[in-house]
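Notes follow the structure.
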There are 2 protein chains.
Amino acid sequence: MTGLKISEVAEKSNVNIETVRYYEKRQLIPEPPRTRAGYRIFSLEDVDRIKFIKRSQELGFTLNEIKQLISISDDKTQVNSEEVLQYSVQKIDEIEAQIKDLEKIKKTLQDLTVQCSGSRSSDGRCPIITSLTGGDR
Amino acid sequence: MTGLKISEVAEKSNVNIETVRYYEKRQLIPEPPRTRAGYRIFSLEDVDRIKFIKRSQELGFTLNEIKQLISISDDKTQVNSEEVLQYSVQKIDEIEAQIKDLEKIKKTLQDLTVQCSGSRSSDGRCPIITSLTGGDR
DNA sequence: ATCCTCCCTGTACTTAGGTACAAAGTCAAG
DNA sequence: CTTGACTTTGTACCTAAGTACAGGGAGGAT
């Protein structure tokens, strides 16, 4: 037969062996059949699914979200397109919010470093510190 | 005397009581003196320090980095200004890198959703799914 | 004296996504 | 028929930054 052992599926999908078992436990991949001795037998579809998981993670989806995504895509009710779309649009919004937060933080830090470079306090202490310390009291 | 109890210092600095004890354990605040009965006695400086920690966290510093920041600012060698500045510049770079990553992810997701809205596959499955599944094999 | 609220310590639990390890069983080659 | 590489399970550990809780002591008001 053409089944793959766990080390083979792990190598082909570029993850750790333990990760494969972990995904099985989290129900992100189906329970594979076993040999008489209890060894897991995987298929190339399992490799695809693990790659799907990894690509989705890179796009910012959590494992729970990916599980949803998988169940939607396994669901053959023709309307799943909308659901996946909705999911992605929501994720885009979240990413945009994150970016905005980071921009704001960056601006604050930049302002502080400009102050710090320009005007040294007389005691030699960085204005970043004093500004953070006494800030809003 | 004018010392603060742990619940008072927690309230004044807007953190949980447990967080105060946690910061003490992590050595982010100095070990406070105790009453005969073992109650911690805090000062207003402790409140300031906790606020400093919280503000720094908002700017993306980890507790370990904040510990460094504190030790630099406690250090009276006149050159600490440079060190803090360096730290902040590095943090700005990290934040910029994060923003770039997120922009890239956002673009990928946006491209996928455009495809998804425009062209439905004949089987009614969202192109996002098929693109993620078969991606780079 | 009793009650309620606060405080103490130490330990375990949380989220997310894994990684590591021990003890035991299996498979194939030499 | 033994050796070495592989697999199995279960459990514990990791980071980060806390939160929760159990069991006991303390302080002050009634």
Side-chain angles (χ1 to χ4, degrees), chain A residues 1 3-29 31-43 46 49-70 91 94-95 98 101 105, chain B residues 1 3-29 31-43 46 49-70 91 94-95 98 101 105:
Chain A
M1 45 81 180
L4 303 170
K5 278 191 279 188
I6 195 164
S7 60
E8 294 166 336
V9 81
E11 200 197 351
K12 274 182 195 295
S13 41
N14 287 308
V15 298
N16 197 302
I17 289 178
E18 317 276 356
T19 303
V20 178
R21 285 198 272 253
Y22 178 68
Y23 284 174
E24 182 188 335
K25 206 175 67 185
R26 289 280 301 254
Q27 307 204 64
L28 287 158
I29 51 178
E31 263 189 64
R34 306 279 185 131
T35 65
R36 275 151 293 116
Y39 284 27
R40 289 169 181 82
I41 308 165
F42 294 95
S43 68
D46 295 316
R49 171 151 298 185
I50 294 169
K51 285 186 182 175
F52 168 79
I53 295 166
K54 281 296 162 192
R55 271 192 297 272
S56 303
Q57 275 188 312
E58 281 167 19
L59 293 179
F61 292 97
T62 67
L63 290 187
N64 276 335
E65 287 168 337
I66 294 165
K67 198 169 164 182
Q68 288 287 316
L69 237 31
I70 288 169
K91 185 54 67 176
E94 285 169 24
I95 290 167
Q98 268 186 64
D101 282 353
I105 289 165
Chain B
M1 43 83 180
L4 303 171
K5 278 190 278 188
I6 194 165
S7 62
E8 294 166 336
V9 80
E11 201 197 352
K12 274 182 194 298
S13 41
N14 287 308
V15 298
N16 197 303
I17 287 176
E18 318 276 356
T19 303
V20 178
R21 284 197 274 253
Y22 178 68
Y23 285 173
E24 181 188 337
K25 207 177 66 186
R26 289 281 301 258
Q27 307 204 66
L28 287 157
I29 51 179
E31 263 189 66
R34 307 277 188 134
T35 65
R36 275 150 292 115
Y39 286 26
R40 289 170 181 80
I41 307 165
F42 293 94
S43 68
D46 294 316
R49 171 151 299 186
I50 293 168
K51 285 187 181 174
F52 169 78
I53 294 166
K54 282 294 163 192
R55 270 192 298 271
S56 303
Q57 275 188 312
E58 281 167 20
L59 293 179
F61 292 96
T62 67
L63 291 186
N64 276 335
E65 288 169 336
I66 294 166
K67 197 169 165 182
Q68 288 287 318
L69 235 34
I70 288 170
K91 185 53 70 177
E94 285 169 23
I95 289 167
Q98 267 186 66
D101 282 352
I105 290 165

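Sequence lines set the chain letters: A, B, ... in the order given, protein chains first and strands last, and positions in each chain run from 1. Side-chain atoms are counted along with the backbone in the values below, which use heavy atoms only and exclude waters and symmetry mates.
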Kindly indicate, with the supporting measurements, whether the criterion side chain to side chain contact (heavy atoms under 4.5 Å, CB included) is fulfilled by B:E58 and A:I105.
CA-CA 8 Å; B:E58 281 167 20; A:I105 289 165; over 6 Å; no
Separation of [N] [atom2] from [X] [atom1] (nearest whole Å):
| X | N | atom1 | atom2 | value |
| --- | --- | --- | --- | --- |
| A:E11 | D:dA5 | CD | P | 17 Å |
| B:R36 | D:dA26 | CZ | C1' | 10 Å |
| A:I6 | D:dC6 | CD1 | C1' | 11 Å |
| B:I17 | D:dT19 | CD1 | P | 11 Å |
| B:E65 | D:dT15 | CD | C1' | 14 Å |
| A:E24 | D:dT9 | CD | P | 7 Å |
| A:Y22 | D:dT9 | OH | P | 17 Å |

Distance-minimising heavy-atom pair for A:L28 and A:I53
CB-CD1, 3.8 Å
B:R34 and B:I41: which non-hydrogen atoms are nearest, and at how many Å?
C-CD1, 3.7 Å
Does the A:D101 side chain pair with the main chain of A:Q98, one donor and one acceptor, at a distance under 3.5 Å?
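It does not hold such a pair.
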Give a yes or no on whether the backbone of B:G60 and the side-chain of B:K91 come within a donor-acceptor separation of less than 3.5 Å.
yes
[N], OP1 or OP2 - any side-chain N/O from [X] closer than 4.0 Å?
| X | N | value |
| --- | --- | --- |
| B:T19 | D:dT19 | yes |
| B:Y23 | D:dG18 | yes |
| B:Q57 | D:dA16 | no |

What range of DNA chain C does chain B touch, first nucleotide to last, counting atoms under 4.0 Å from its heavy atoms?
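That gives a stretch of C:dC6 to C:dT9.
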Among D:dG18, D:dA26, D:dA17, the one nearest any side-chain atom of B:A37 is D:dA26
Upstream residue (5' side of DNA chain D) when B:K54 and A:S7 are each assigned their closest nucleotide:
A:S7
Where each residue is assigned the nucleotide of DNA chain D containing its nearest heavy atom, which of B:R21 and B:L63 is assigned the position nearer the 5′ end?
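The residue whose closest nucleotide sits nearer the 5' end is B:L63.
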Report the residue (B:Y39 or A:E18) whose heavy-atom-nearest nucleotide on DNA chain C is the more 5′ of the two.
B:Y39
Nearest-nucleotide wise, let me know which of A:R26 and B:F42 is further upstream toward the 5' end of DNA chain C.
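Nearer the 5' end of the strand: B:F42.
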Side-chain donor-acceptor pairs of residues 11-24 of chain B under 3.5 Å, sequence neighbours excluded:
residue : atom : partner : partner atom : Å
B:S13   : OG   : B:V9    : O            : 2.5
B:N16   : OD1  : B:E18   : N            : 3.0
B:Y22   : OH   : B:R26   : NH1          : 2.9
B:Y23   : OH   : B:K54   : NZ           : 3.2
B:E24   : OE1  : B:R40   : NE           : 2.6

OG/B:S56 to CD1/B:I70 distance, rounded to the nearest 0.5 angstrom?
7.5 Å
